[in-house]
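I have placed the structure first, in the form of structure tokens, so that the comments after it can refer back to it.
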Amino acid sequence: MAKTVASKELTEVSEAQIAVHWKEEEHYQPSEKFKAQANMRDTHILEKFGLAKFPDCFKEYADMLTWFEPYHTVLDTSDAPFWKWFVGGKINASYNCVDRHLAKYGNKAAFIFVPEPEAERDVTIKYQELYTSVNELAALLRGLGLKAGDRVTFHMPMVPELPITMLACARLGIIHSQVFGGFSGQACGSRIQDSGSRVLITMDSYWRNGTLVDHKTNADIAVRTAKDLGQDVDKVLVWQRYPGKYSAKTPMIPGRDFFMNDLLKEYKGQKVEPVPLPSEGQLFLMYSSGTTGKPKGAQHSIAGYLAYVTGTSRWILDIHPEDVYWCMADIGWITGHSYIVYGPLANAATSVLYEGVPTFPDAGRPWRIAERLGVNIFHTAPTAIRMLRKLGPQEPRKYKYRFKSMTTVGEPIEPEAWRWYYDEVGKREAVITDTWWLTETGGFLGTTVPAIHAMKPGSCGPGAPGIHPIIYDETGAEIPKGSGKAGNICIRNPWPGLMQTLWGDRDRYVKTYFAKYNKNPRSKDWRDWPFMCGDGAVQAADGYYRILGRIDDVINVAGHRLGTKEIESACLTVPEVAEAAVVPVQDEVKGRVPEVYIAVKPGVPPSQDVIDRVIKANEEVIGKIARPKHVYIVPDMPKTRSGKIMRRVLAAISNRRDVGDVTTLANPDVVEQIRAMVQGKDTITTREALPEDIAKFGQAE
Ligand code: WTA
């Protein structure tokens, strides 16, 4: 018995330390021109944010904000690991993003909204106009009886009304919870329930790939879902994509649904003083997927979060008020919250907000927008880079835009794709920051400081200033740099951008992010609480980190985290399905996509109809991004003798790999049947090693 346990541990250790082969890439240097104008040029910046200077180094970020009352304590660790930053201060995020810029930048554009239809005109929103809209909307929300600490859920597309609504909430201390507009009504409903929102704010319609989508229909589903789960929604506030005109077919429900533009008439010209809120108040919730089927609400603070995204927007994105910045992410994700709304606005940026799909109507669209609006900072995800490269590798050459800096975020980027981004999109002139971080972390964890560090394709770089990563193996031993071994990347120290907790679930917060490497649960010393990010990583001899992907059964589809348990429970809503297992498959454009294996109940014949309904169930329960690439009906799932589904075997089959030794399974024969079904009779599997995240898939159970 003892022998079995020991050998199991040994296997785990050796798998965690698996050697990771990837050719060392050459370094690229930032240009002298970029360096000369950069916000952060101090070559000692990482030492200034060294652990010896922690936590006081972060005062520099707090000093970038305007405070109503100063804080007295930089970091309070008394309720470890629920860190409190800048305690005692009073502050307002809306004031910092809008009001304080009026004197100098009132006439400058805060946002330039670009509608998806190319014939439709841009809408420029100056800081002064943003101020007016945010105030009127805050007056309206206050008029509805909403106040600090209340939660309001949004299900909004990429339109200026979204940041306006966020800032109006922030002005009053209302905690906003924006659900990505592409998520289904059901997904929105379960997040309404978890957050306890009584108000839903949405929009009637929006443009996506050439179609004006009826989005109001999702609000009805969301309210119904929330009600079934026990949460009543009293009011649905509906923005109109074309003010004064209703662009959805779904009827409004009298007494519950109201057009925002009608209600706003009563509040014209009204002003609302920004409420001085405690540093430790909550700014917003952002739901994300984890190991269990229940999405978790990352709860972000007002002061710590805002300080962190303001500082990193200034130093890493290198935003100056005179720049024209464009982040193509959706505001419905953390990247949009931190690096379209709060960080850039706190720096008085001019930001482009694009409604639609980057490749609509063709792969030249982003470059036309960049040229026309004079964009000089560009920010996107590897999935968009791969797509634009595939559809229009030479397109950027046709346009005369010039970027000084570019960012990539959300997934590991292959050195090949990185080089296209650098050579073609950046025209060998723009620096690239590869920023690695998570919904939970508020802002960047791993990145170069662009004027100071060389770039290395495929690696994010060192820790951001004040972020001190460490890679542990399964036993808690540190994996040294340059060893070529991978492990679990953690952050040694707290930082202001880190979420405060998971909404309503302190235990899950501690368990998910700290339990594994904490040795003393009673310790109040932050050194005892490394934060586990949930990614595998290797550190090269030069100190740069390469992120290998999630280690917790989360599939990163086109930069969006989807929990396998969420997908599997969606499949199980189809009554004929007895068992479901989902695995990640490598995809040329999206990085990873889910593939689904199902076993049907006894007596049910396998049919295309069941497959179609499984696909539909995923779209309805989660959203179109969860659409499986394939659904296979299998005679039985490969299982261990204790009955556990071997997802790793299925992942090997889906990724055209050799399944390895399966003789210890309860039903080894079924593996060959499934393999033949998926790969065909004589498909040759590749011997190439599986990427780390897929190789480790299924171990978190
Ligand atoms: C992955 C997005 C490699 C990683 C901001 C992480 C990355 C997850 C990078 C978080 C990057 C994000 N290189 N992988 N530059 N950025 N990831 O919460 O696996 O949507 O854990 O936050 O995306 O995704 P999330």
Side-chain angles (χ1 to χ4, degrees), residues 20 22 178-180 182-183 285-291 295-298 300 308-309 312 316-317 327-340 343 379-386 406-415 417-418 421 432-448 455-464 467 469 486 488-491 497-499 502 512-513 531-538 544-563 584 590-592 625 691-694 696-697 700:
V20 181
W22 184 326
Q178 153 74 2
V179 178
F180 169 54
F183 269 150
L285 307 179
M286 171 66 64
Y287 282 86
S288 186
S289 298
T291 304
K296 40 196 188 189
H300 284 285
Y308 195 66
V309 299
T312 47
I316 309 298
L317 301 176
C327 172
M328 277 210 310
D330 193 293
I331 295 178
W333 304 108
I334 192 70
T335 300
H337 274 51
S338 300
Y339 298 116
I340 298 179
H379 187 158
T380 192
T383 191
I385 297 169
R386 293 183 209 113
M406 308 194 298
T407 294
T408 166
V409 61
E411 305 157 71
I413 183 165
E414 303 75 6
W418 191 99
Y421 197 35
I432 296 182
T433 45
D434 180 346
T435 58
W436 162 68
W437 58 296
L438 287 71
T439 301
E440 293 89 329
T441 72
F444 306 145
L445 295 178
T447 175
T448 49
M455 305 158 244
K456 187 160 98 172
S459 297
C460 61
I467 302 288
N488 294 332
I489 190 163
C490 298
I491 310 300
L498 178 63
M499 66 182 156
L502 294 175
T512 310
Y513 304 101
F531 176 84
M532 190 175 89
C533 303
D535 280 311
V538 279
Y544 280 29
Y545 294 95
R546 189 153 66 76
I547 305 301
L548 305 169
R550 302 292 310 175
I551 47 158
D552 60 353
D553 290 3
V554 164
I555 306 184
N556 192 335
V557 183
H560 309 317
R561 275 160 71 178
L562 297 179
K590 294 182 177 169
R592 303 281 179 272
I625 53 168
E692 178 91 347
D693 61 317
I694 299 182
K696 295 205 80 185
F697 192 74

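Both counts, for ligands and for their atoms, begin at 1 and track the order of listing.
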Short side-chain to backbone donor-acceptor contact, Asn556 and Gly549, under 3.5 Å: no

For Thr335, the ligand 1 atoms with a heavy-atom partner under 4.0 Å come out as 5 (C)

- Query: So, do Lys296 and Thr439 sit near enough that their side-chain heavy atoms are less than 4.5 Å apart?
  - Reply: no

So for Ile413 against ligand 1, with non-hydrogen atoms under 4.0 Å, the contacting part is neither

A student checking ligand 1 against Asp434 at a 4.0 Å heavy-atom cut-off should list atoms 11 (C), 13 (N), 15 (N)

Which of Phe444, Trp333, Phe531 passes ring pair (Phe, Tyr, Trp, His ring centres under 6.0 Å) with Trp437? It is Phe444

Exercise. Between Arg561 and Glu411, does at least one N-O distance fall below 4.0 Å, as a salt bridge requires?
Worked result: no

_Under 3.5 Å: N/O of Glu440 near N/O of ligand 1_ = no

What about Ser288: any of its N or O atoms under 3.5 Å from an N or O on ligand 1? no

Ignoring hydrogens and geometry beyond distance, is a side-chain donor-acceptor pair present between Thr433 and Thr448 at under 3.5 Å?
no

**OP:** Would you confirm whether Thr335, through its side chain, and Val409, through its main-chain N or O, come within 3.5 Å as a donor-acceptor pair?
**Re:** no

- ligand 1 to Thr408 polar contact by distance, N or O atoms, under 3.5 Å: no

- [ ] Check whether any side-chain heavy atom of Cys460 lies under 4.5 Å from a side-chain heavy atom of Ile547, and answer yes or no.
- [x] yes

**OP:** Give a yes/no verdict on whether any heavy atom in Gly410 is under 4.0 Å from an atom of ligand 1.
**Re:** yes

Logged contact type for Asp535 with ligand 1, heavy-atom cut-off 4.0 Å, is side chain

Does ligand 1 come near enough to Arg561 that some N or O of the ligand is less than 3.5 Å from an N or O of the residue? yes

Please determine, by modelled atom types, if Tyr339 and Thr312 share a side-chain donor-acceptor pair under 3.5 angstrom. yes

* Asked: Hey, is Asp434 close enough to Lys456 for a salt bridge, meaning N to O under 4.0 Å?
  -> no

Counting heavy atoms under 4.0 Å, the part of Glu411 that contacts ligand 1 is backbone

Under 4.0 Å from one or more heavy atoms of Ile547, ligand 1 contributes atoms 3 (C), 14 (N)

Is there a heavy atom of Trp333 sitting under 4.0 angstrom from any atom of ligand 1?
-> no

heavy-atom search around atom 5 (C) of ligand 1 in the protein gives Trp437 CE2, 3.5 Å

Note: ligand 1 atoms sitting under 4.0 Å from heavy atoms of Thr439 are 18 (O), 20 (O), 22 (O), 25 (P)

Under 4.0 Å from one or more heavy atoms of Asn556, ligand 1 contributes atoms 1 (C), 23 (O)

Item to complete: Find out whether Gln178 and His337 are in side-chain contact, i.e. whether some heavy atom of one side chain is under 4.5 Å from a heavy atom of the other.
Response: yes

Has ligand 1 got any nitrogen or oxygen that is less than 3.5 angstrom from a nitrogen or oxygen of Ile334? no

